[in-house]
Amino acid sequence: MNVPAVLAALYPPAIHRRWGTEIAQEARLAGPRSWSDTVVGAVKLWLHPSEWPEPGSGETSRVLVTAFGVVITASGLLVRAFGAGRLSVNAAQLAAGVWLVPVVAGVVLAAPLLPLKRSAFGRAFAVAARTLVVPAAAVAALLLLARTGLADHLTGLPNVLVVTYYWVTLGFVGFHLCLLVARIGRVAVLPSLERLRLALLCGGTGFALGAVQALVAAGPSGVRADAVVLASGLATLAVALISVGRDLRGVPRPVRCGRCPRGRTWRR
């Protein structure tokens with residue numbers, strides 16, 4: 001496996017397209033000891049979209065909307081894995097769902113809007129059908145298995161296989177939902193950077209509240225490991241979203257130089 005090329009692909013698309021070859025070449029020459037620095041550089045640039053080439057372009061909005069979809073999907077998997085009973089919402093405990101309010105508001109604000117034209121709706125339907133047909137079949141098989149009740153009586157290896165299929169299906173569906181967001185962004189009207197900034201700040205605020213809720217839900221019995229993992233994950237997502245949202249404030253800053261982003265000029 002070409003590790004330097006994989007590391008270069010971690011950078012935002014605009015950076016990778018312009019300097020990907022240089023980044024991979026530098027990582028190859030510096031050797032494995034520099035690979036962690038390459039990853040850190042990619043993370044820093046993802047958190048500072050104003051430093052991307054042409055930061056005010058439509059491509060920036062499309063990439064950020066897709067990245068926001070990835071974060072929402074990751075949070076859903078995280079809550080499903082570690083948040084059972086901690087962040088659940090029911091009639092007797094509506095306060096547990098307060099953290100979802102800003103998250104949903106962020107999703108609404110970041111959602112691409114389809115033009116009121118029949119052709120646009122037709123293209124969007126075609127994209128959705130092409131993207132979701134296989135995940136829908138996987139979910140249907142999972143629901144059919146649950147409907148039969150067979151999974152409740154399995155033990156040993158068959159039970160492991162069913163549980164593995166469940167989580168693989170969730171990840172597969174999440175991946176295709178992110179892919180759908182990326183493809184819809186090519187046929188829909190993307191949100192402005194100001195609206196996207198507000199969406200990211202709303203989402204980050206919601207995840208921060210969710211992290212606090214995960215720890216508070218532990219109660220007097222003490223904080224368990226799953227609560228710590230859940231709170232840490234949500235807090236990390238909150239910091240990332242809020243950092244990107246703050247970076248989008250005001251007029252996007254131009255690229256400071258034409259050097260490779262691994263250079264010193266780009267570091268903070």
Side-chain angles (χ1 to χ4, degrees), residues 1-74 110-112 127 131 175-201 203-204 236-237 239-268:
M1 183 176 63
N2 191 346
V3 176
V6 173
L7 295 177
L10 297 177
Y11 281 75
I15 298 293
H16 179 260
R17 184 169 55 252
R18 182 169 297 190
W19 292 291
T21 302
E22 298 177 35
I23 295 172
Q25 180 65 16
E26 185 177 341
R28 186 178 297 107
L29 293 176
R33 291 185 178 180
S34 72
W35 290 353
S36 60
D37 293 335
T38 305
V39 174
V40 171
V43 172
K44 288 182 177 180
L45 282 173
W46 272 108
L47 297 178
H48 296 90
S50 62
E51 296 189 0
W52 301 354
E54 301 179 3
S57 66
E59 181 189 22
T60 297
S61 296
R62 183 168 60 252
V63 171
L64 289 179
V65 168
T66 304
F68 187 46
V70 172
V71 170
I72 294 297
T73 301
V127 168
T131 306
F175 171 77
H176 277 79
L177 288 176
C178 297
L179 189 61
L180 176 63
V181 172
R183 291 175 174 175
I184 286 293
R186 299 181 183 277
V187 300
V189 178
L190 294 168
S192 64
L193 288 181
E194 183 59 31
R195 194 175 113 202
L196 190 52
R197 171 178 172 267
L198 184 57
L200 294 171
L201 293 177
T236 301
L237 296 179
V239 170
L241 291 182
I242 293 175
S243 297
V244 176
R246 286 169 56 93
D247 189 69
L248 291 176
R249 181 174 48 198
V251 179
R253 299 190 301 272
V255 179
R256 286 177 284 179
C257 74
R259 295 172 56 191
C260 170
R262 286 289 309 282
R264 294 183 182 275
T265 307
W266 284 79
R267 295 189 178 180
R268 297 191 168 210

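Remember, it's a predicted structure, so these values are computed and weren't measured experimentally. All residue numbers refer to positions in the sequence shown, counting from 1. In what follows, every heavy atom counts, from backbone to side chain, and hydrogens, waters and symmetry copies are set aside.
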Any side-chain heavy atom of [X] within less than 4.5 Å of one from [Y]?
{"X": "I15", "Y": "I23", "answer": "yes"}
{"X": "P12", "Y": "V63", "answer": "no"}
{"X": "L248", "Y": "S50", "answer": "no"}
{"X": "R28", "Y": "N2", "answer": "yes"}

I need the minimum non-hydrogen distance between [X] and [Y], along with the two atoms involved.
{"X": "G20", "Y": "A8", "value": "O-CB, 3.6 Å"}
{"X": "L7", "Y": "V39", "value": "CD2-CG2, 3.7 Å"}
{"X": "A24", "Y": "P4", "value": "O-CB, 3.4 Å"}
{"X": "P49", "Y": "T60", "value": "CB-CG2, 4.5 Å"}
{"X": "A182", "Y": "R62", "value": "O-CD, 4.1 Å"}
{"X": "W46", "Y": "A67", "value": "CZ3-CB, 4.3 Å"}

Salt bridge (charged side-chain N to carboxylate O under 4.0 Å, His left out) partners of R17, counting only residues at least two apart
E59
Drop me the distance from [X]'s [atom1] to [Y]'s [atom2], to the nearest 0.5 angstrom.
{"X": "L237", "Y": "F68", "atom1": "CG", "atom2": "CZ", "value": "10.5 Å"}
{"X": "L177", "Y": "I184", "atom1": "CG", "atom2": "CD1", "value": "11.5 Å"}
{"X": "L45", "Y": "W19", "atom1": "CG", "atom2": "CH2", "value": "9.0 Å"}
{"X": "L10", "Y": "T38", "atom1": "CG", "atom2": "OG1", "value": "9.0 Å"}
{"X": "L196", "Y": "L190", "atom1": "CG", "atom2": "CG", "value": "9.0 Å"}

With a 3.5 Å distance limit and no angle check, can you tell me whether S192 reaches the backbone of R195 through a side-chain donor-acceptor pair?
yes
Only one of V239, V244, I242 forms a side chain to side chain contact (heavy atoms under 4.5 Å, CB included) with L47, so which one is it?
V244
Apply side-chain contact (heavy atoms from CB on, under 4.5 Å) to R186 and R183, showing your working.
CA-CA 5 Å; R186 299 181 183 277; R183 291 175 174 175; 5.6 Å; no
